[in-house]
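Read the structure below first, then the notes.
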Number of protein chains: 2
Amino acid sequence: MEKSDSEQRLQSRSIQPTAVRTMVLDYMIEQKAAVSLADLEDHFSRSDRTTLYRTLKTFLEHGLAHQIHDESGSAKYALCAENCTCSYPDDLHVHFYCSSCQNTFCFTELQIPSFNLPPKFQPDHGNFVITGRCANCAA
Amino acid sequence: MEKSDSEQRLQSRSIQPTAVRTMVLDYMIEQKAAVSLADLEDHFSRSDRTTLYRTLKTFLEHGLAHQIHDESGSAKYALCAENCTCSYPDDLHVHFYCSSCQNTFCFTELQIPSFNLPPKFQPDHGNFVITGRCANCAA
DNA sequence: TGACCTTTGCAATAGTGTTGCACCGGGTTG
DNA sequence: CAACCCGGTGCAACACTATTGCAAAGGTCA
Ligand SMILES: [Mn+2]
Ligand SMILES: [Mn+2]
Ligand SMILES: [Zn+2]
Ligand SMILES: [Zn+2]
């Protein structure tokens, strides 16, 4: 049997491609906006909340996805690019949170610049979110 | 009786200077790091949780403080500059969250640049946090 | 088959954010 | 003065998110 693209993508990050993980990855690939745990709960009602939670955690730990903290109160998750390590200042981009439709988007083209931090501050990664109205919700 | 600096600061933002509000503002002025609601609860144990919550909310609504969403899971609050409106791209700066001591700092000198957003996206404000180790916690 | 490890499901809990309502004190008005 | 109004505060309850412990299920391999 052939391995699906998503199975290979999981294995490339050293994640065992279980049924749940493959389904969640497939789902995230389809989405235009970052997903929340609640989104996964809604969409995979047959799977347990905890399993989905730990699936996302696994994705984070293996660098398959990154976490976004917007104003919605719940963390969002989006897939990383192939060789992404989510480290500052490379591999980090701006996000956009629409306060109207509550969607959060990755603007992967918009790399964040390298800021001139005070001495001795050691950056590791970052979270950059612009809030406003998305193209769909714009008045 | 003379009005204290903090009372004037409250009134300049059209906030009625009550005892709790003045105390909280004084406390925030002293802090080097942004404060959380839990911080206020710890420090003002005689005041009710809800009152402190609503105090912060009032500060936000009147532009006296801004809210920062870092990886700690709880929102942080820091005072705004005199004429700050917290609007993108002006009046927005970078923050630093130390994953070791859990403190979040305002780097008011580090203004964020104006990003070239896709068409029709209407920015309003933003949340910019770099995570790492602060000067105190650096190895 | 049986030991072993990983994944999943279920239950419970912690933590944060939020709201409704009642009370209180100060100021206003009749 | 009394009736009233109103913003601020306290208390309780609740919603939602995040997290953990433990046991059952499933897969791998000697
Ligand atoms: Mn992203
Ligand atoms: Mn700040
Ligand atoms: Zn929108
Ligand atoms: Zn630190």
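None of these values were measured; they are calculated from a predicted model. Quick note on labels: first sequence line is chain A, next is B, and so on, each numbered from 1.
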*Which whole-number value in Å describes the distance from B:L60 CG to C:dT18 P?*
10 Å

_Gap between atoms CZ and C1', on B:F44 and D:dG8 respectively (whole Å)_ = 16 Å

*Under 4.0 angstrom between A:S47 side-chain N/O and C:dT8 OP1 or OP2*: no

*Do A:D124 and B:T131 have side-chain N/O donor and acceptor atoms under 3.5 Å apart?*
no

*Could you check how far CG of B:L40 sits from P of D:dT9, rounded to whole Å?*
13 Å

*Whole angstrom is fine here: how far is it from CG in B:L56 over to P in D:dG8?*
15 Å

*Integer-rounded Å distance: C:dT8 C1' and A:Q16 CD*: 14 Å

*Is a side-chain donor or acceptor of B:Q31 paired with a backbone partner of B:Y27 at a separation under 3.5 angstrom?*
yes

_Below 4.0 Å: OP1/OP2 of C:dT8 and any side-chain N or O of A:T18_ = yes

*Go through D:dT9, C:dT8, D:dC11 for me and flag the one nearest to the A:T51 side chain.*
C:dT8

*Determine, for nucleotides 13-27 of chain D in 5'-to-3' order, which nucleotides have protein heavy atoms under 4.0 Å from the base (write B), from only the sugar-phosphate (write S), or from neither (write -).*
----SBBBBB-----

_Regarding A:D39 and A:S36, do their side chains bring together a donor and an acceptor under 3.5 Å, going by distance alone?_
yes

*Any donor and acceptor pair, going by atom type alone, linking the side chain of A:H95 with main-chain N or O of A:F128 inside 3.5 Å?*
yes

*Count the heavy atoms of every other residue, nucleotide or ligand shown that sit under 6.0 Å from CG of B:N116, and state whether that count exceeds 12.*
no

*Please give, in whole Å, the distance from D:dC11 P to B:L52 CG?*
12 Å

*Using the six-membered ring wherever Trp is involved, compare the ring planes of A:F121 and B:F96 and label them parallel, tilted or perpendicular (cut-offs 30° and 60°).*
perpendicular

*Rounded to the nearest angstrom, tell me the gap between atom CG in B:D39 and atom P in C:dG15.*
14 Å

